[in-house]
Amino acid sequence: MTKRKINISDYADTIIKALPKGILLTTKAEKVNAMVIGWGTIGINWGKPVFAAYIREGRFTRKQLAANPEFTVSIPVNSYDPKILHVCGAKSGRDTDKIKEAGLTLVEPEVISVPAIKEFPITLECRVMYVQKQDLSALSEEINRSMYPRDVDSTATGANKDPHVTFFGEIVDAYIIED
Ligand SMILES: Cc1cc2nc3c(=O)[nH]c(=O)nc-3n(C[C@H](O)[C@H](O)[C@H](O)COP(=O)(O)O)c2cc1C
């Protein structure tokens, strides 16, 4: 298995197009854990290449990031087992070994401590440089109502009303895993 270094700007389009279907964000603290993300921003902040991820406050991943502020972002190239998104996008690392259940192959990282994922080979290794809990009072009423329904009993409806926390990760390495 080899890693071919890539220029991030050459893959920004691929990453943005992949996001709505779901890509993986992996963390390593209590355990190695991958979750599906559909939101993400790639660009430049403080003169550095950055991937910003938006993680709801109550997620196990948020706890993992507090303990070890590094993550990998993994994007598919070809087709993959749909089980990967079903498991990593619905189950929680709190009570599931998602790496095992989703049949993911961990790959030794280059710079950070969090592994990459062979099945989703485009990889960004990120080190958190800034964490910002979203201020719901500054959000439009429409988004507040649809995304963070505080007047709704979430136990009855299943609505998730936790605010998102934005993790700005400096992209410290980028590559594609090849056979
Ligand atoms: C397509 C898709 C996109 C998702 N995007 C996000 C996201 O951007 N942020 C987020 O907090 N949860 C998102 N989720 C939900 C998490 O993947 C899901 O709650 C997961 O079980 C969290 O894992 P964890 O508890 O191990 O952290 C998404 C789920 C799917 C299926």
Side-chain angles (χ1 to χ4, degrees), residues 11-12 14-43 45 50-106 112-117 119-124 126 128 130-136 139-140 142-150 152 154-169 171:
Y11 284 83
T14 305
I15 295 169
I16 291 164
K17 284 183 179 145
L19 269 163
K21 287 187 198 127
I23 64 176
L24 294 177
L25 184 146
T26 305
T27 51
K28 180 181 176 181
E30 193 179 306
K31 59 170 77 164
V32 176
N33 182 62
M35 73 170 271
V36 178
I37 56 167
W39 294 7
T41 309
I42 194 159
N45 281 82
V50 165
F51 185 91
Y54 305 83
I55 311 295
R56 286 211 194 243
E57 210 174 19
R59 302 259 187 261
F60 179 68
T61 294
R62 197 255 181 283
K63 194 175 155 217
Q64 294 256 105
L65 283 168
N68 179 15
E70 296 180 337
F71 60 90
T72 50
V73 176
S74 304
I75 300 103
V77 170
N78 296 314
S79 60
Y80 53 85
D81 185 346
K83 185 172 77 175
I84 295 173
L85 293 189
H86 293 150
V87 171
C88 298
K91 299 200 172 186
S92 176
R94 235 177 241 111
D95 46 27
T96 310
D97 179 349
K98 290 198 267 183
I99 303 299
K100 193 168 164 208
E101 201 165 309
L104 296 173
T105 313
L106 301 181
I112 63 169
S113 59
V114 184
I117 307 267
E119 290 75 14
F120 276 37
I122 301 174
T123 308
L124 308 178
C126 301
V128 175
Y130 183 49
V131 182
Q132 186 182 45
K133 183 174 158 183
Q134 292 186 350
D135 173 6
L136 298 187
L139 260 181
S140 77
E142 185 203 335
I143 296 177
N144 250 312
R145 228 181 301 113
S146 61
M147 304 294 299
Y148 313 99
R150 287 188 293 283
V152 171
S154 60
T155 48
T157 62
N160 191 333
K161 53 189 179 180
D162 280 358
H164 284 83
V165 179
T166 309
F167 290 88
F168 293 81
I171 303 168

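Every number for a ligand or one of its atoms is a count from 1 in the order of the listing. The structure presented is a predicted model; accordingly, all values stated were derived computationally and were not measured.
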Peer 1: Does the pair Lys133/Glu57 count as a salt bridge with the N-to-O cut at 4.0 Å?
Peer 2: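 Yes, this pair counts.
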Peer 1: Which residues pass the side-chain contact (heavy atoms from CB on, under 4.5 Å) test with Ser140, not counting sequence neighbours?
Peer 2: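 In terms of side-chain contact (heavy atoms from CB on, under 4.5 Å), with neighbours along the sequence ignored, Ser140 is linked to Glu142, Ile143.
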Peer 1: Under a 4.0 angstrom heavy-atom cut-off, which atoms of ligand 1 come close to Ile55?
Peer 2: 11 (O)
Peer 1: Determine whether the side chain, the backbone, both or neither of Leu85 has a heavy atom under 4.0 Å from any heavy atom of ligand 1.
Peer 2: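 Neither part.
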Peer 1: Does an N or O anywhere in Arg94 fall below 3.5 Å from an N or O of ligand 1?
Peer 2: no
Peer 1: Just which atoms of ligand 1 are under 4.0 Å from any heavy atom in Gly93?
Peer 2: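 In order of number, 24 (P), 25 (O), 26 (O).
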Peer 1: Is the closest side-chain donor-acceptor distance between Tyr130 and Thr166 under 3.5 Å?
Peer 2: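 No donor-acceptor contact under 3.5 Å links the two side chains.
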Peer 1: Could you tell me which atoms of ligand 1, counted from 1 in the order shown, lie closer than 4.0 angstrom to a heavy atom of Val36?
Peer 2: 1 (C), 2 (C), 3 (C), 4 (C), 5 (N), 6 (C), 13 (C), 14 (N), 16 (C), 17 (O), 28 (C), 30 (C)
Peer 1: Cut-off 3.5 Å, side chains only: do Ser113 and Glu70 have a donor facing an acceptor?
Peer 2: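 Looking only at side-chain atoms, Glu70 and Ser113 do form a donor-acceptor pair, the distance falling under 3.5 Å.
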Peer 1: Which residues pass the salt bridge (charged side-chain N to carboxylate O under 4.0 Å, His left out) test with Lys83, sequence neighbours left out?
Peer 2: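 Per chain and number, Lys83 pairs via salt bridge (charged side-chain N to carboxylate O under 4.0 Å, His left out) with no residue.
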Peer 1: Have a look at ligand 1 and work out which part of Lys91, if any, has a heavy atom under 4.0 Å from it: side chain, backbone, both or neither.
Peer 2: backbone
Peer 1: Would you check if the distance from the ring center of Tyr80 to the ring center of Phe120 is below 6.0 Å?
Peer 2: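 Centroid separation for Tyr80 and Phe120: below 6.0 Å.
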Peer 1: With heavy atoms of Gly38 as the reference, note each atom of ligand 1 found under 4.0 Å away.
Peer 2: 3 (C), 4 (C), 5 (N), 6 (C), 7 (C), 8 (O)
Peer 1: Determine, considering heavy atoms only, which of His164, Arg59, Lys31 sits nearest to atom 15 (C) of ligand 1.
Peer 2: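 Ranked by closest heavy atom to atom 15 (C) of ligand 1, first place is Arg59.
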Peer 1: So is Gln64 in contact with ligand 1, going by heavy-atom distances below 4.0 Å?
Peer 2: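 So Gln64 does not count as touching ligand 1.
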Peer 1: Classify the contact between Lys21 and ligand 1 as side chain, backbone, both or neither, using a heavy-atom distance cut-off of under 4.0 Å.
Peer 2: backbone
Peer 1: Using a 4.0 Å cutoff against the non-hydrogen atoms of Thr61, which atoms of ligand 1 qualify?
Peer 2: 24 (P), 27 (O)
Peer 1: Mark up the atoms of ligand 1 that fall under 4.0 Å of a heavy atom belonging to Lys98, in ascending order.
Peer 2: 21 (O), 23 (O), 24 (P), 26 (O)
Peer 1: Report, in ascending order of atom number, the atoms of ligand 1 lying under 4.0 Å from any heavy atom of Met35.
Peer 2: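 It comes down to these atoms of ligand 1: 9 (N), 10 (C), 11 (O), 12 (N), 13 (C), 16 (C), 17 (O), 22 (C), 23 (O), 27 (O).
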Peer 1: State whether the shortest distance between N or O atoms of Ala34 and N or O atoms of ligand 1 falls below 3.5 angstrom.
Peer 2: no
Peer 1: For ligand 1, indicate whether the residue Ala53 contacts it via side chain, backbone, both or neither (heavy-atom separation under 4.0 Å).
Peer 2: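 Neither part.
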